[in-house]
Amino acid sequence: MNLPEIHEFLGCRTPDAWVQAALADQETLLIDHKNCEFKAASTALSLIAKYHSHVDLINMMSRLAREELVHHEQVMRLMKRRKIELRQLSAGRYASGLRKVVRSHEPVKLVDTLVVGAFIEARSCERFEALVPHLDEELGKFYFGLLKSEARHFQGYLKLAYQYGDAKDIAQVIEKVRAAERELIESPDVEFRFHSGVPTL
């Protein structure tokens, strides 16, 4: 697990105001975290369905989807122990904001999608790292355990991007996504979510 590499990849660190909001509303944090794990598995499966001749992508995404679903189940069990009821949460702006920078034609659409995936996994890893020192023992231990898998997923997405794309183009895509991601993380956000910006509530 190379956290300095993730810090360098991301355009900014998580603002302290987001950490404070997460600590104040751990129920929403866990519900949205559960949703994120499910969406990560769904994304991996949809990539397998769409790019059914890309063998290395299929192998990685198959493993990733299984792992994300295990995390989803683990969060569900943790919520049950904490007597947190499931409730509907609207999706935050983060993923849709990043998707806006994805080009619409192939093969660069796949490459851009993989770069976006790398940023989402890197940010998840960085957020777990930011939260761990402030959490109770059970949740802190669980989130620390997820750091390694999120870092591995980040590296996997990035490796596939370079496999299916041109290095010079990917460098430009990374800069473009990094700027968009930083804006989403540092700007005011009307709602608190796992990947939200600075909550204004």
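Computed from heavy atoms alone, side chains included, the values below leave out hydrogens, waters and symmetry copies. Counting from 1, the numbers follow the sequence of the chain as shown.
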4.5 Å side-chain heavy-atom contact, [X] and [Y]:
| X | Y | answer |
| --- | --- | --- |
| Ile174 | Leu158 | yes |
| Lys80 | Met76 | no |
| His7 | Glu129 | yes |

Atom [atom1] of [X] and atom [atom2] of [Y]: how far apart are they, to the nearest 0.5 Å?
| X | Y | atom1 | atom2 | value |
| --- | --- | --- | --- | --- |
| Glu121 | Phe9 | CD | CZ | 11.0 Å |
| Met60 | His54 | CE | NE2 | 14.0 Å |
| Ile170 | Gln163 | CD1 | CD | 10.5 Å |
| Leu45 | Leu69 | CG | CG | 7.0 Å |
| Arg127 | Ser196 | CZ | OG | 6.0 Å |
| His105 | Leu110 | NE2 | CG | 12.5 Å |

Same apolar cluster: [X] and [Y], side chain cutoff 4.5 Å:
| X | Y | answer |
| --- | --- | --- |
| Leu146 | Ile84 | yes |
| Val19 | Leu147 | yes |
| Phe142 | Leu29 | yes |
| Val198 | Val190 | no |
| Val108 | Leu160 | no |

Are Phe119 and Tyr157 close enough, and set up right, to give a ring-ring contact (aromatic ring centres under 6.0 Å, His included), and what steps lead you there? CA-CA 9 Å; Phe119 270 96; Tyr157 268 109; over 10 Å; no
Minimal non-hydrogen separation, [X] against [Y], with atom names:
| X | Y | value |
| --- | --- | --- |
| Ala161 | Val115 | CB-CG2, 4.0 Å |
| Ser90 | Glu191 | OG-OE1, 3.2 Å |
| Ile185 | Arg123 | CG1-NE, 3.6 Å |
| Val111 | Gly165 | CG2-CA, 3.6 Å |
| Leu64 | Ala40 | CD2-O, 4.0 Å |
| Asp136 | Leu139 | OD1-N, 3.0 Å |

Cluster companions of Val70 among Ile, Leu, Val, Met, Phe, Trp, Tyr (side-chain spacing under 4.5 Å):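 Val70 clusters with nothing; isolated.
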Test log, rule side-chain contact (heavy atoms from CB on, under 4.5 Å), inputs Ile120 and His153: CA-CA 10 Å; Ile120 294 171; His153 295 167; over 6 Å; no
Do the side chain of [X] and the main chain of [Y] share a donor and acceptor less than 3.5 angstrom apart?
| X | Y | answer |
| --- | --- | --- |
| Ser62 | Asn59 | no |
| Asp112 | Arg103 | yes |
| Trp18 | Phe192 | no |
| Glu126 | Thr14 | yes |

Passes ring-ring contact (aromatic ring centres under 6.0 Å, His included), His134 versus Tyr143? Steps please. CA-CA 11 Å; His134 309 288; Tyr143 275 10; over 10 Å; no
His33 versus Ser124, side-chain donor and acceptor atoms under 3.5 Å: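 Side chains of Ser124 and His33: no pair found under 3.5 Å.
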Determine whether the side chains of Glu106 and Tyr164 contain a donor N or O and an acceptor N or O closer than 3.5 Å.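 Glu106 vs Tyr164: no donor-acceptor pair found between side chains.
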Identify whether the distance between the nearest side-chain nitrogen and carboxylate oxygen of Arg178 and Glu181 falls below 4.0 Å.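 No, Arg178 and Glu181 are not salt-bridged.
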In this structure, which one of Arg82, Lys34, Arg87 forms a salt bridge (Lys or Arg N to Asp or Glu O under 4.0 Å) with Glu27?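 The option that passes is Arg87.
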Evaluate the criterion side-chain contact (heavy atoms from CB on, under 4.5 Å) for residue pair Glu37 and Gln74; output intermediate values, then yes/no. CA-CA 10 Å; Glu37 298 290 1; Gln74 288 172 327; over 6 Å; no
Stepwise side-chain contact (heavy atoms from CB on, under 4.5 Å) check, Leu23 with Leu135: CA-CA 8 Å; Leu23 296 173; Leu135 298 170; 3.8 Å; yes
Phe128 vs Phe194, ring-ring contact (aromatic ring centres under 6.0 Å, His included): CA-CA, chis, key distance, verdict: CA-CA 10 Å; Phe128 289 137; Phe194 187 80; 5.2 Å; yes
